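Since the model is a prediction, treat every value here as computed from it, not as a measurement. Chain identifiers are assigned alphabetically (A, B, ...) following the order of the sequence lines, protein sequences preceding nucleic acid strands; residue numbering begins at 1 within each chain. Values below: all heavy atoms of this structure, side chains included; hydrogens, waters and symmetry mates excluded.
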Amino acid sequence: MLHLVVCIKQVPDSREIRIDPKTNTLVRLGVPAIINYYDLHGLEEALRLKDEFGARVTVVSMGPPSAEKALRQCVSMGADEAVLVSDRAFAGADTLATSYVVALTIQKVEERWGTVDIVFCGKQTLDGDTGQVGPGVACRLDIDQLTYVEKLESLDLETREVTVHRHLEDGVERVKARLPVLITALAELNRPRRASLPGILRAARYQPIVWTTNDFPTIDRAKIGLRGSPTIVSKTWVPEPKQVQTEWLPSEDSAAAATALLDHLYSTDLPQKLGWA
Amino acid sequence: MAEERKRKPMIGLQSDTDWSEYRGVMVVVEQRAGVAKAVSWQLLGEARRLADKLESPLLALVIGHQVQGLAREAGYHGADRVYICDSPELASYRTRPYSRVCLYVIREYKPEIVLMGATYAGRDLAGAIATHLPTGLTADSTQLDVDDERLLLASRPAFSEKMLATILCKQFKPQMATARAGVFEALPRDEARSAEIVVVPPQIDPEDISTQVLGFVESLERVNLEDADVIVAGGRGLGGPGAFSLLKELADALGGEVGASRAAVDLGWIGHDHQVGQTGTTVRPKLYIAVGISGAVQHVVGMQNSTYIVAINKDSEAPIFRFANYGIKGDLFQIVPALAQAVRARRSGGLSPEGVLEPMSAAGRGE
Ligand SMILES: Cc1cc2nc3c(=O)[nH]c(=O)nc-3n(C[C@H](O)[C@H](O)[C@H](O)COP(=O)(O)OP(=O)(O)OC[C@H]3O[C@@H](n4cnc5c(N)ncnc54)[C@H](O)[C@@H]3O)c2cc1C
Ligand SMILES: Nc1ncnc2c1ncn2[C@@H]1O[C@H](COP(=O)(O)O)[C@@H](O)[C@H]1O
């Protein structure tokens with residue numbers, strides 16, 4: 001049977017984070033924790049494949065104990081199994097350290113439930129916002145990566161080939177790859193389903209599997225958490241856009257305003273720079 | 001069933017930690033069909049400054065097929081030395097073969113900083129390489145600098161663009177970052193400059209090329225705000241999707257593209273590809289005309305580097321005016337069509353569509 005793994009992260013809904021104008025610091029109080037938006041699209045795609053071909057869907061996440069709630073939500077949508085890797089030692093991980101632990105987790109998932117055919121990640125997280133963990137995991141598992149996928153065109157279980165559409169700046173690329181692959185999901189990929197009633201009932205009783213560092217006998221402690229993270233945040237600040245002196249143009253009459261503006265623009269270096277006659 | 005490719009064990013941390021040999025700032029040039037992405041030259045422009053500060057060479061890496069011309073272009077845009085890897089297998093971007101070339105060049109020539117555009121391909125490639133090396137990687141930088149200890153200070157937006165954070169990588173080399181398009185300025189192209197060209201043998205492992213690019217469909221309706229010289233952007237003040245046609249007329253007359261605020265995009269009046277700002281595109285056109293846009297900080301940070309900013313808004317208190325070189329307080333439904341007509345008139349040598357002669361130039365303004 002197909003084995004699909006979905007990597008999810010519980011994140012603060014950063015759209016709700018405000019900056020305190022007095023102290024210039026983040027106000028995180030009361031900011032809801034949600035499943036990273038794009039990860040739900042990864043989960044939905046895995047569930048669609050499960051509907052079509054039959055599959056085992058395992059969700060994995062590295063995070064604090066409170067992320068169990070996010071994992072239960074995935075189970076309520078139809079995931080079979082959910083694994084939370086949680087340990088103080090993982091705290092402060094950057095993308096390199098995160099991909100290490102997530103990849104180890106997937107390997108352990110493979111030991112338990114069989115080799116993985118497709119790993120789904122989100123395009124990026126709302127808080128880390130790098131899109132680097134997906135490629136990092138693919139690289140560590142030594143599988144091909146298909147990033148920024150907006151459509152899964154076909155999956156051929158005979159040839160073990162998957163064809164996807166990757167969204168690029170200037171167009172769409174069709175790519176075919178051999179399983180196993182890692183796919184990073186865009187919002188265009190699908191519309192995540194709501195939880196079903198049986199799913200909700202199952203999730204209410206479901207206890208996510210929790211692994212700590214002790215469950216990984218070969219883990220290299222120099223590669224996890226803050227210590228295993230090569231990048232350091234040296235400072236943060238709130239940007240202040242630079243202001244300029246505004247020249248106000250007369251605006252009683254719009255034709256006059258237009259002419260006045262053009263007169264001004266023509267007296268600059270713009271016509272020359274833009275090749276205006 | 002097809003034969004499964006054998007997966008190799010996970011890579012480990014590199015053991016040698018003497019980084020003193022690592023010198024030079026390298027930009028990985030991104031191209032499609034032999035045409036470079038603008039961000040590559042913008043990065044070379046910024047990296048030139050970093051390399052000069054570090055008193056080390058500026059390097060470029062060009063990967064593709066039939067890209068010799070690009071290697072020369074990289075020199076015209078500031079590189080001192082260009083590594084070129086040219087092979088039919090490298091015609092389209094694929095993670096594995098491209099990573100292999102980058103890893104080879106990095107290990108062989110030891111740059112201390114490696115920069116790529118924060119494009120889809122750039123992020124895909126950088127994420128793979130940084131994990132392989134391994135080293136630290138900062139995503140989506142919008143400011144780059146170096147300090148006395150030769151550390152790369154890569155600053156990027158954080159927390160949904162509400163803050164900026166400066167990120168360092170002290171332990172490993174090269175220090176890596178991807179950087180946004182439209183933020184940095186390319187050097188003027190100078191054919192008098194010439195770079196040393198170093199040919200890199202392709203590192204093709206047949207196992208690496210199992211992924212196939214079946215095709216690429218260019219989206220013509222997708223706008224290219226990053227490279228636009230003129231952008232006419234509309235916001236919630238447009239009141240509906242219809243008014244974007246007025247903006248399009250003005251943009252066409254000026255030879256520019258149509259942009260939008262997030263409010264207009266969220267309302268479904270225009271596609272997300274048009275969105276300017278921190279969660280949209282960062283732009284630096286020569287002329288930016290903001291129409292019916294209030295000037296929220298998230299919008300302004302995405303367009304403040306435009307050479308000239310014009311704001312048209314009926315509220316003279318709108319914050320956008322604080323960033324505008326020229327302000328017109330008034331109703332956009334009056335002003336935008338008038339402006340489009342005036343532009344057409346002036347650009348067609350003084351003849352407006354109605355055949356009325358308009359003043360030719362600003363020469364007589366006597367200021
Ligand atoms: C996490 C986050 C990220 C964001 N990212 C972005 C981003 O990338 N880009 C972005 O743009 N925004 C972004 N925003 C949203 C931003 O905060 C503002 O909400 C948005 O820019 C407002 O858009 P607007 O100026 O079009 O609308 P409004 O603020 O409603 O302004 C409309 C303006 O139109 C004027 N107007 C109305 N009618 C007329 C008329 N007939 N003639 C002339 N003027 C008229 C009004 O006076 C007003 O100033 C982000 C917000 C958050 C929280
Ligand atoms: N702590 C984590 N646990 C599981 N998956 C993660 C974690 N962090 C990131 N990911 C996955 O990697 C993707 C990209 O994350 P990022 O690189 O942080 O933008 C996310 O959308 C998730 O699918």
Side-chain angles (χ1 to χ4, degrees), chain A residues 14-15 17 19 26 96 99 103 130-132 135-136 139-140 142 144-145 147-148 159-160 168-178 223 230-239 241-244 246-249 251 254-255 257-259 261-264 266-268 270 273-274 276-277, chain B residues 1-2 7-8 10 95 119-120 123-124 127-128 131-132 134-139 159-160 162-169 171-172 210-219 229 286-287 297 300-301 304 321-330 334-335 338-339 342 346-347 349 361-362 365:
Chain A
S14 56
R15 291 165 295 189
I17 297 180
I19 305 275
L26 294 169
L96 193 71
S99 68
T130 73
Q132 288 168 191
C139 177
R140 290 176 185 281
D142 195 29
D144 280 323
Q145 68 193 46
T147 50
Y148 309 108
T159 58
R160 293 184 56 73
L168 303 176
E169 286 80 10
D170 47 356
V172 176
E173 187 181 69
R174 267 180 82 221
V175 187
K176 184 158 83 177
R178 184 86 58 78
K223 289 197 213 164
T231 58
I232 307 159
V233 177
S234 77
K235 72 169 182 172
T236 58
W237 75 98
V238 178
K242 58 169 194 284
Q243 305 193 5
V244 298
T246 306
E247 180 137 2
W248 290 92
L249 302 172
S251 50
S254 44
T259 307
L261 175 62
L262 280 193
D263 285 346
H264 275 91
Y266 267 84
S267 67
T268 67
L270 272 176
K273 276 191 167 164
L274 296 175
W276 287 352
Chain B
M1 264 205 203
R7 281 159 54 186
K8 289 162 218 114
M10 291 214 273
T95 314
T119 56
Y120 292 109
R123 283 170 146 218
D124 183 288
T131 314
H132 257 294
T135 190
L137 168 61
T138 302
F159 297 102
S160 283
K162 292 189 186 70
M163 292 191 117
L164 281 170
T166 303
I167 295 172
L168 315 175
C169 167
Q171 287 166 301
F172 299 100
S210 65
T211 299
Q212 289 170 46
V213 177
L214 302 176
F216 174 74
V217 182
E218 197 175 339
S219 302
D229 279 332
K286 306 215 163 48
L287 175 61
V297 61
V300 171
V301 292
Q304 61 175 335
F321 285 122
R322 297 209 296 267
F323 310 99
N325 305 88
Y326 302 104
I328 303 180
K329 174 188 177 291
Q334 308 286 321
I335 292 164
L339 194 53
R346 205 167 292 205
R347 294 196 63 192
S361 75
R365 284 185 332 108

| request: Return the option, out of Ala324(B), Gly330(B), Ala128(B), with the maximum number of heavy-atom pairs under 4.5 Å with chain A. | output: Ala324(B)
| request: Mind checking the CG-CD1 spacing from Leu261(A) to Ile328(B)? Nearest 0.5 Å is all I need. | output: 4.5 Å
| request: Could you grab the distance from atom NE2 of His132(B) to atom SG of Cys139(A), nearest 0.5 Å is fine? | output: 3.5 Å
| query | Can you tell which of Gln171(B), Arg123(B), Gln334(B), Gln304(B) has the highest number of heavy-atom pairs within less than 4.5 Å of chain A? | reply | Arg123(B)
| message | Donor-acceptor check, side chain of Thr231(A) to backbone of Ile167(B), threshold 3.5 angstrom: yes or no? | response | no
| field | Straight-line distance of Ile232(A) CD1 to Thr166(B) OG1, nearest 0.5 Å | value | 12.5 Å
| remark: Assert top hit (heavy-atom pairs under 4.5 Å, partner chain A, pool Gly136(B), Gly327(B), Gly127(B)) equals Gly327(B)
| query | Taking the inter-plane angle between the rings of Tyr148(A) and Tyr120(B) on a 0 to 90° scale, is it parallel (under 30°), tilted (30 to 60°) or perpendicular (over 60°)? | reply | perpendicular
| field | Shortest non-hydrogen separation from Phe172(B) to Pro230(A) and the atoms involved | value | CD1-CB, 3.5 Å
| Part of Leu168(A) lying under 4.5 Å from any heavy atom of chain B | both
| said: Between Arg346(B) and Asp263(A), is there a side-chain heavy-atom distance shorter than 4.5 Å? | reply: yes
| Taking every heavy-atom pair that is under 4.5 Å apart, which of Val297(B), Val300(B), Asp229(B), Leu287(B) has the most such pairs with chain A? | Leu287(B)
| message | Are the side chains of Pro135(A) and Thr95(B) in contact, using a 4.5 Å heavy-atom criterion? | response | no
| Okay, side chain of Thr130(A), backbone of Ala139(B): is any donor-acceptor separation there less than 3.5 Å? | no
| task | For each of Ile335(B), Thr138(B), Thr211(B), tally heavy-atom pairs with chain A at distances under 4.5 Å, and name the one with the top tally. | result | Thr211(B)
| For chain B, which of Lys176(A), Lys273(A), Glu173(A), Glu169(A) has the most heavy-atom pairs under 4.5 Å? | Glu169(A)
| query | Which atom names give the shortest non-hydrogen contact between Gly136(A) and Thr131(B), and what distance separates them? | reply | CA-OG1, 3.3 Å
| note | Glu218(B) and Asp170(A) have their tightest heavy-atom pair at CG-O, 3.4 Å
| Side-chain heavy atoms of Leu274(A) within contact of Lys286(B), under 4.5 Å | yes
| task | Heavy atoms only, distances under 4.5 angstrom: which of Val217(B), Val213(B), Asp124(B) has the most pairs with chain A? Name it, please. | result | Asp124(B)
| Any side-chain heavy atom of Gln243(A) within less than 4.5 Å of one from Phe323(B)? | yes
